[in-house]
*Asks:* 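This is the structure, below, for whatever I ask next.
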Amino acid sequence: MKYVLVTGGVVSGLGKGVTASSIGLLLKACGLRVTSIKIDPYLNTDAGTMSPFEHGEVFVLDDGGEVDLDLGNYERFLDIKLTRDNNITTGKIYQSVLEKERRGDYLGKTVQVVPHITDAIQEWIERVAFIPVDGKEGPADVCVIELGGTIGDIESMPFIEALGQFSYHVGPGNFCLIHVSLVPVLNVVGEQKTKPTQHSVRGLRGLGLTPNILACRSTKALEENVKAKLSQFCHVAAENILTLYDVPNIWHIPLLLRDQKAHEAILKGLNLLGVAREPDLQEWTARTRVYDILHEPVRIAMVGKYTGLSDSYLSVLKALLHASVACRRKLVVEWVAAGDLEDVTAKEAPDVYKNAWDLLKGSDGVLVPGGFGDRGVQGKILAAKYARENKVPFLGICLGMQIAVIEFARSALGLHDANSTEFDPETSHPCVIFMPEGSKTHMGGTMRLGSRRTYFKVLNCKSAKLYSNASFVDERHRHRYEVNPNMVPQFENAGLSFVGRDETGQRMEIIELPSHPYFVGTQFHPEFKSRPGKPSALFLGLIAAASGQLDAVLQNYSHESKLLPNGISNGKPSVKTYQNGNAIKSSNGSLNGVYSNGNGVHH
């Protein structure tokens with residue numbers, strides 16, 4: 001097993017996750033099998049209980065792991081399925097060591113950071129690196145490890161020490177360190193400054209780690225004299241100093257790395273030059289070019305409560321982007337804070353209220369993503385009502401589906417106090433109820449989490465056609481509340497169709513309004529399995545409906561069953577690219593990518 005470690009210096013938010021993902025993609029394009037590990041130095045056991053404002057979205061894995069959003073980057077990029085153990089946190093490490101201590105595994109020794117914590121970190125990395133994540137037998141060839149935070153942070157010190165020992169343990173030729181740093185340009189002087197990177201590398205070397213490659217973030221490509229200076233003071237060969245300058249969209253980063261021969265530097269450091277081939281990024285390059293030339297817009301109103309921070313909805317944005325590129329449309333996300341649509345805002349801030357409604361009414365489609373808590377719920381209900389009554393394409397995810405059901409109960413069934421027991425435990429018409437699997441007292445890991453199977457009960461529906469007439473799909477869940485099965489007959493009599501359910505038939509997974517051009521809600525989160533070459537079926541449906549291409553898309557999909565040989569649907573149809581409703585280019589999505597938040601999405 002070969003290891004590539006990606007660290008960051010000077011400031012946080014440089015794009016270590018995108019860099020690590022791009023390196024993984026580049027190595028995969030060279031014919032190697034790649035796996036990924038993300039180290040988060042915070043004390044939380046996992047990301048499940050953290051606010052999206054704190055740490056961006058919580059990404060959910062097949063096994064129910066609630067992890068850092070960078071694992072979503074890795075999955076989209078490399079088209080792999082990671083496990084909860086691929087996300088290491090300080091909390092997990094200390095928890096495992098303390099459990100051993102309580103069991104008496106240390107035989108009365110004083111348990112210390114060195115060697116016990118550092119040994120636990122190394123054992124975890126080695127164990128997880130050998131877990132296959134690409135659906136093939138046996139371990140991967142290379143494991144890309146990203147260390148969260150910035151060199152010098154107190155909380156990451158045990159990990160730095162452990163990784164220093166680990167590099168010595170695996171030996172030369174099996175470990176390559178890539179340090180991502182910042183080369184700023186001061187407006188006053190106008191020159192690229194190397195001192196921050198010099199200090200960062202000095203700090204790294206002082207902690208026992210020596211970088212093999214420097215990846216320098218800058219607004220423009222590094223000048224040759226700047227590279228020479230960095231090489232001299234950081235003791236890194238000039239050909240191993242890479243520039244990660246600003247690009248129009250993040251799909252360019254793997255191409256940028258390839259053009260600077262990053263793969264050769266990594267393969268040389270890992271003694272793999274004779275094993276790997278030249279990187280094949282033909283399909284990736286073609287998709288990036290398509291993305292660059294898109295100009296006809298499709299406007300999607302994103303009605304949520306974390307609209308101030310787009311990282312909160314990162315996977316949703318990526319899924320919209322994948323679908324938009326497949327439909328040859330330039331994605332424009334109109335951020336609508338749900339609370340701004342409510343009557344109370346009309347009284348307190350009429351301009352904000354008017355602006356929010358103008359954005360909603362000017363959009364081609366409406367998306368209500370998942371969320372928790374009652375803030376902004378009334379605004380989301382109003383958005384669903386607007387989309388339903390005005391035949392505007394609508395996709396509701398998790399809570400978004402639940403509020404669509406509540407709105408339908410209030411408007412179509414005349415149950416004006418219909419609600420979810422999450423928001424009103426005493427409601428006389430509980431449309432959405434607490435599901436028995438969960439716990440009301442413990443927050444962490446108590447939801448219905450991970451991959452679950454949904455069976456189509458209505459085969460001639462838009463959702464089933466978008467999933468290529470599959471009889472069932474496996475998608476990821478993260479929720480505590482569900483539609484009340486006792487009220488389903490009332491809803492269906494009034495015209496709301498529950499087309500997808502779990503194996504018991506008691507849990508409602510997909511709703512559709514047959515009389516509407518595209519009104520779909522899902523209890524699961526389809527965005528987590530969307531890939532650049534294989535957009536999520538229901539996001540593709542939303543974008544196609546919003547751009548007048550749904551009939552063409554449905555026609556193409558309904559004629560092609562995409563079941564795997566064992567009869568299990570992969571939940572991800574192979575995708576054609578559409579222009580003006582006509583399928584023009586087939587794309588199998590064998591290579592996939594990741595894009596940093598907001599790039600290519602116009603706000």
Side-chain angles (χ1 to χ4, degrees), residues 303-305 338-339 341-344 366 368-389 394-443 445-449 452 454-455 457-458 463 475 477-514 516 519-525:
V303 184
K305 68 174 184 177
L341 298 170
E342 297 173 2
D343 294 341
V344 65
V366 176
V368 179
F372 296 92
D374 58 1
R375 183 164 64 86
V377 163
Q378 186 54 36
K380 293 176 185 179
I381 289 173
L382 291 168
K385 182 182 175 72
Y386 167 78
R388 183 179 60 80
E389 291 180 345
F394 173 89
L395 178 60
I397 298 169
C398 199
L399 178 62
M401 167 178 147
Q402 295 171 7
I403 64 104
V405 170
I406 294 168
E407 190 281 318
F408 191 83
R410 291 180 182 180
S411 300
L413 299 181
L415 307 174
H416 301 298
D417 65 339
N419 213 331
S420 165
T421 55
E422 180 181 4
F423 314 129
D424 180 8
E426 307 302 321
T427 176
S428 53
H429 295 102
C431 305
V432 178
I433 59 171
F434 180 71
M435 49 163 260
E437 272 184 19
S439 161
K440 280 188 176 177
T441 52
H442 284 67
M443 295 293 281
T446 56
M447 290 178 279
R448 188 164 187 249
L449 279 165
R452 298 284 196 283
T454 295
Y455 293 87
K457 301 298 180 186
V458 180
S463 304
E475 293 280 13
H477 294 67
R478 183 175 185 252
H479 61 97
R480 290 188 180 89
Y481 290 80
E482 295 199 26
V483 174
N484 184 351
N486 297 328
M487 291 187 70
V488 167
Q490 280 177 266
F491 287 123
E492 296 206 311
N493 289 337
L496 187 65
S497 185
F498 292 84
V499 299
R501 307 185 186 194
D502 77 337
E503 68 279 357
T504 67
Q506 292 298 298
R507 294 178 187 272
M508 305 303 130
E509 296 282 4
I510 306 174
I511 62 164
E512 272 189 32
L513 211 51
H516 192 285
F519 192 94
V520 175
T522 68
Q523 187 57 71
F524 52 76
H525 288 265

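Numbers here simply count residues along the sequence, with the first being 1.
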*Asks:* At what distance, to the nearest 0.5 angstrom, does CZ of R480 lie from CD1 of I433?
*Replies:*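 Rounded to the nearest 0.5 Å, the CZ-CD1 separation comes to 15.5 Å.
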
*Asks:* To the nearest 0.5 Å, what is the distance between CZ (F423) and CD1 (I406)?
*Replies:*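 These two atoms lie 6.0 Å from each other.
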
*Asks:* So, are R501 and E492 salt-bridged, with charged N and O less than 4.0 Å apart?
*Replies:* yes

*Asks:* Would you please classify the geometry between the F434 ring and the Y481 ring as parallel, tilted or perpendicular, with 30° and 60° separating the classes?
*Replies:*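 Ring orientation of Y481 relative to F434: perpendicular.
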
*Asks:* side-chain hydrogen bond (donor to acceptor under 3.5 Å, both in side chains) for E475 and T522? Distances and angles first, verdict last.
*Replies:* CA-CA 10 Å; E475 293 280 13; T522 68; over 6 Å; no

*Asks:* Quick one: CD1 on I510 to OH on Y455, what's the gap to the nearest 0.5 Å?
*Replies:*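 Answer rounded to 0.5 Å: 13.0 Å.
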
*Asks:* Do the rings of F498 and F491 sit parallel, tilted or perpendicular, given the 30° and 60° boundaries?
*Replies:* tilted

*Asks:* Got a second to check how far T454's OG1 is from H477's NE2, nearest 0.5 Å?
*Replies:* 4.5 Å

*Asks:* Strictly below 4.0 Å, N to O, side chains only: are E509 and R448 in salt-bridge contact?
*Replies:*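 Salt bridge flag = yes for R448 with E509.
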
*Asks:* Please check this pair: side chain of H479 against backbone of G370, looking for a donor-acceptor N/O pair closer than 3.5 Å.
*Replies:* no

*Asks:* Considering residues at least two apart in sequence or located in another chain, which fulfil the side-chain hydrogen bond (donor to acceptor under 3.5 Å, both in side chains) criterion with H429?
*Replies:*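 Only D417 meet the side-chain hydrogen bond (donor to acceptor under 3.5 Å, both in side chains) criterion with H429.
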
*Asks:* Run the salt bridge (Lys or Arg N to Asp or Glu O under 4.0 Å) test against E389 and tell me which residues pass, sequence neighbours left out.
*Replies:*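 E389 satisfies salt bridge (Lys or Arg N to Asp or Glu O under 4.0 Å) with K385 once adjacent residues are dropped.
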
*Asks:* Enter the distance from E482:CD to C398:SG here, rounded to the nearest 0.5 Å.
*Replies:*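 These two atoms lie 9.0 Å from each other.
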
*Asks:* Not counting sequence neighbours, which residues clear salt bridge (Lys or Arg N to Asp or Glu O under 4.0 Å) with R410? List them please.
*Replies:* none

*Asks:* For Q402 and Q523, test the side chains for any donor-to-acceptor distance below 3.5 angstrom and give the result as yes or no.
*Replies:*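 Yes, because at least one side-chain N or O of Q402 sits under 3.5 Å from a partner of the opposite role on Q523.
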
